[in-house]
Each structure stands twice: as structure tokens, then as C-alpha cells.
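Notes follow once the structure below has been shown.
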Amino acid sequence: MQMENPALKHFVAQMGHELTLAQVLIRRSGTGYELRHAEDASAMPESLRLVALAEARALAQFTAANEFRPLKSAPTLQRGWRITAQDDAELETALSRLYPGAVADWHAAQSANPPVTNYRDYAERQSGMYRITALLSDAQAADVIRAVCDAKLCLKRRLWTVTGLAPDAAPGKSLIPCLEPCAVLMESARRALRADQQEKHAMKLAAGAEAG
Ligand code: SF4
């Protein structure tokens, strides 16, 4: 028996006839749905490649230029396809492959106390190679966040913050919320801290050489 998913139920109940989730246009079609790239909204169905649910993950893995998409929320989803979902369960499957976790996060963000983890708390929880991300100052972390979470690179709307940086405003971002820093952000934070440490080390050596 199919388990009911409250997040999906809520999502479907408020979507109306159609809804755009990041770059995917979802339209009701009979008792099911049709999904396609939002920029193909007015394309004739027969001009779009019919993609099976089983292929949806592969579709989201690569750009039209066949480059890997480490961030599924990057605005680089390829065009020219459509997926049909017979019912809510198939819609859930399709969305979970195109935008993993998006519906659950959207649902969580509607709650009175969304489970948002800010940069400082998240970085302090890290172990291993990411422990050093806690050493970034607020200003340095804000610079990394501005660069990595820019709408040109990611369509999720960042709800978490670091001191001195506001959450993302809705315009330019999508309905998909970002509740905590992602792996791509943390890797950029780690690299920024390493670069800063190396720069300080080089300056120290140069100062030592001048004094000597
Ligand atoms: S941390 Fe930034 S780049 Fe990563 S998913 Fe969230 S908004 Fe996007």
C-alpha cells in the first residue's frame, strides 16, 4: 500500500493548474501531471523528447553541453524534454530525481519554525577536513556565500544566514528553500580559508625575509 506523503500532499494541494518549481513547469494533465523545462512552456508536446521516470535522474545529472551538475538546483537544467506522471506518487518520484529533497524542504519551510541551520552553527558541527570552515570570519563567510549562492549559480532560496548577511529575497530565486549550507558551499568555504591561511603564511615569510 502506498504511504501518504504529507509534504507532497501539501505541495499538490496548493499548486493550482500549474506551478513552476525552479526550472521545471508542472502542469496537471487529467488525473496526473506533465513536467517540462519552464522555458519550453509553449512548445508542442510532440516537439519534446518523452523522458521516462527512470531516466529523470540521468536528465538532471548533466547540462545540455554534457557537463556534470554537482548542484541540482543550478539554473542549468537541459531543455527539450517532457515527463508524464500518472499520479501523485509518480510526480513525487520525478521531482525527487530532478530536485532531490525540494518538496520536503518546501514543506518544512512552511512550518512555524522552519528547521534552518545558520552558517556558524553548521560550521561548528563539522569534523574532518571541514572543521576549518569554522575559522572563517563572518565577513569572509559572507563573501563565500554571496559568490556561491548567487542566483546565477543556484536557484534555491537561502533562508540561513551568517551575521551581517540577510537571507535571500524571493525575487530571482525559486520556491525551493535552502535550509542549511550545502556541500558545494562548504567546499568553497574550506578553500577560502586555506587560501587565506596560505596568503598570511606567505606574508609572514616575506616580512621575515625583509627583517633578515
Ligand atoms: S548553500 Fe547556497 S549554493 Fe548550496 S544549495 Fe543552498 S543556496 Fe544553493
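Not measured: the values here are computed from a predicted model. Each ligand, and each atom within it, is numbered from 1 in the order the structure gives. Sequential numbering from 1 along the given sequence is applied to the chain's residues.
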- Value for CD1 (Ile83) from CG (Leu35), rounded to nearest 0.5 Å, stands at 6.0 Å
- Is it true that a side-chain atom of Asp87 and a backbone atom of Glu90 form a donor plus acceptor pair closer than 3.5 Å? yes
- Message: Looking at ligand 1, would Val148 count as a contact under a 4.0 Å heavy-atom criterion?
- Response: yes
- Query: Does Cys182 bring an N, O or S atom to under 2.8 Å of atom 4 (Fe) of ligand 1?
  - Reply: yes
- So for Tyr119 against ligand 1, with non-hydrogen atoms under 4.0 Å, the contacting part is neither
- Query: Which ligand 1 atoms does Trp160 reach within 4.0 Å, using its non-hydrogen atoms?
  - Reply: 1 (S)
- Query: For ligand 1, is any non-hydrogen atom under 4.0 Å from Cys154's backbone (N, CA, C, O), its side chain (CB onward), both, or neither?
  - Reply: side chain
- Numbered atoms of ligand 1 (with element) below 4.0 Å of Lys156, judged on heavy atoms: 5 (S), 7 (S)
- Query: Is it true that Asp196 and Lys200 make a salt bridge, defined as a side-chain N closer than 4.0 Å to a carboxylate O?
  - Reply: yes
- Message: Tell me the contacting part of Asp168 for ligand 1: side chain, backbone, both, or neither, using a 4.0 Å heavy-atom threshold, strictly below.
- Response: neither
- Salt-bridge test for Arg120 and Asp138: reply yes if a basic N is under 4.0 Å from a carboxylate O, no otherwise. yes
- Side-chain donor-acceptor contact under 3.5 Å, Thr76 with Arg69: yes
- Task: Identify the protein heavy atom lying closest to atom 2 (Fe) of ligand 1, giving its residue, its atom name and the separation to 0.1 Å.
- Result: Cys149 SG, 2.3 Å
- Note on the structure: atom 6 (Fe) of ligand 1 has as its nearest protein heavy atom Cys178 SG, 2.3 Å
- Message: Could you tell me if Tyr130 and Glu187 have a donor-acceptor pair between their side chains, going purely by distance under 3.5 Å?
- Response: yes
